[in-house]
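Have a look at the structure below before the remarks.
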Amino acid sequence: MTRIYRSFSEPDRENLTWEETWKQEDKGLIKNYEVGRALAIKEPELAEKAKRGELPVLGYKGGVDKALKKKEKIGALNYIAKWQALRGEDLNIDMNEEMVLICTKTKMIVTFTMDLEKLKNAN
């Protein structure tokens, strides 16, 4: 089991190499979390959407801006890292588990995963 946890109160890491940022055990989830915290300050309306349980578009698969005919889609756990930061929550992701969320705005059901094959074949 690989659970990635980081408290919201911990400062951003500094002076990491690309390898340290993206190729360590967390596979970049902590970096996405740090980007999400900065995004919450820069775009408070986006943070409010996340706090309401909406799944706004964030640059990774998983965001939904409107309801689609097919009510289910696949998203990346990297999205969840940003989303948890936008909500002001601690980063808390089990990389071996999929997470299912329903967007409160669109009612779309999104399954978040680290499985690259599922993400590659997702729309």
Side-chain angles (χ1 to χ4, degrees):
M1 180 174 99
T2 304
R3 179 168 297 280
I4 304 300
Y5 178 83
R6 189 161 181 89
S7 171
F8 190 80
S9 62
E10 289 184 59
D12 287 354
R13 304 163 302 160
E14 296 180 359
N15 303 318
L16 297 179
T17 65
W18 188 89
E19 292 286 328
E20 291 168 333
T21 301
W22 301 104
K23 294 295 184 183
Q24 298 298 310
E25 183 181 42
D26 71 294
K27 305 292 184 202
L29 291 176
I30 295 173
K31 181 62 178 175
N32 284 296
Y33 183 72
E34 292 167 344
V35 169
R37 287 194 301 202
L39 191 59
I41 294 167
K42 184 178 176 186
E43 297 187 35
E45 301 97 20
L46 192 61
E48 286 304 315
K49 287 181 180 181
K51 288 176 183 175
R52 288 193 301 261
E54 296 180 24
L55 301 173
V57 175
L58 295 178
Y60 278 100
K61 288 185 178 182
V64 290
D65 57 357
K66 62 182 178 183
L68 303 175
K69 191 171 186 176
K70 184 179 175 186
K71 292 290 183 191
E72 297 182 14
K73 66 182 288 188
I74 298 293
L77 285 177
N78 302 71
Y79 178 96
I80 292 297
K82 274 187 169 179
W83 189 77
Q84 287 180 343
L86 281 169
R87 292 169 55 88
E89 297 176 348
D90 294 342
L91 174 64
N92 189 5
I93 295 175
D94 183 339
M95 295 175 63
N96 295 323
E97 297 287 328
E98 293 184 341
M99 182 183 294
V100 178
L101 294 176
I102 300 172
C103 177
T104 57
K105 180 180 178 184
T106 65
K107 307 302 180 205
M108 292 285 297
I109 301 166
V110 184
T111 301
F112 295 93
T113 184
M114 288 295 277
D115 186 331
L116 294 179
E117 283 301 312
K118 286 183 179 179
L119 289 166
K120 185 173 71 176
N121 296 322
N123 294 329

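Just so it is clear, the values below take in all heavy atoms, side chains as well, and ignore hydrogens, waters and symmetry mates.
- Counting only heavy atoms from C-beta outward, the side chains of K31 and E20 never approach each other to under 4.5 Å.
- Cluster annotation: L58 is connected to M114 through the hydrophobic network of ILVMFWY side chains, with a link wherever side-chain heavy atoms come within less than 4.5 Å.
- Residue pairs meeting the ring pair (Phe, Tyr, Trp, His ring centres under 6.0 Å) criterion with at least one partner in residues 84-120, sequence neighbours excluded, are Y79-F112.
- Interatomic distance, L77 CG to D26 CG, rounded to the nearest 0.5 Å: 12.0 Å.
- When every heavy atom of T2 is checked against every heavy atom of N96, the shortest pair comes out as N-ND2, 3.2 Å.
- Rounded to the nearest 0.5 angstrom, E117 CD and I74 CD1 are separated by 12.5 Å.
- Here the closest non-hydrogen pair linking L91 and Q84 is CA-OE1, 3.3 Å.
- Residues W22 and L16 are not in side-chain contact: their nearest non-hydrogen atoms beyond the backbone lie 4.5 Å or more apart.
- Annotation: side chain of I4 is not in contact with side chain of Y33 (no heavy-atom distance under 4.5 Å).
- One finds the CG atom of D94 at 13.0 Å from the CD1 atom of I80 (value rounded to the nearest 0.5 Å).
- With a 4.5 Å cut-off on side-chain heavy atoms, V100 and V110 do not count as touching.
- Every residue two or more places apart in sequence or in another chain that forms a side chain to side chain contact (heavy atoms under 4.5 Å, CB included) with I102 is listed here: I109.
- In this view, S7 and Y5, S9, E10, D90 satisfy the side chain to side chain contact (heavy atoms under 4.5 Å, CB included) rule, not counting sequence neighbours.
- Closest non-hydrogen pair, A85 versus F8, comes out as O-CE1, 3.6 Å.
- Electrostatic pairing of E98 and K118 counts as a salt bridge here, judged by a charged N lying under 4.0 Å from a carboxylate O.
- To the nearest 0.5 Å, atom CG of residue D115 and atom CG of residue N121 are 9.0 Å apart.
- Under a hydrophobic clustering in which Ile, Leu, Val, Met, Phe, Trp and Tyr are joined whenever their side-chain heavy atoms come within less than 4.5 Å, directly or via other members, L119 and M108 fall into different clusters.
- Applying the side chain to side chain contact (heavy atoms under 4.5 Å, CB included) rule to D12 yields the partners E34, R37; only residues at least two apart in sequence or on another chain are considered.
- Rounded to the nearest 0.5 angstrom, M99 CE and T113 OG1 are separated by 11.0 Å.
- In this structure, M95 and R3 have side chains that are not in contact, with every pair of non-hydrogen atoms separated by 4.5 Å or more.
- Connection of I30 to W18 is established within a shared hydrophobic cluster, with ILVMFWY side chains joined at heavy-atom distances below 4.5 Å, either directly or through further cluster members.
- Sorted by first and then second residue, the side chain to side chain donor-acceptor pair (under 3.5 Å) pairs with a member in residues 102-111 form an empty list; sequence neighbours excluded.
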Side chains of residues 38-52: which donor-acceptor pairs under 3.5 Å do they make with residues two or more places apart or in other chains?
unit_1	atom_1	unit_2	atom_2	d
R52	NE	E54	OE2	3.2
R52	NH2	E54	OE2	3.2

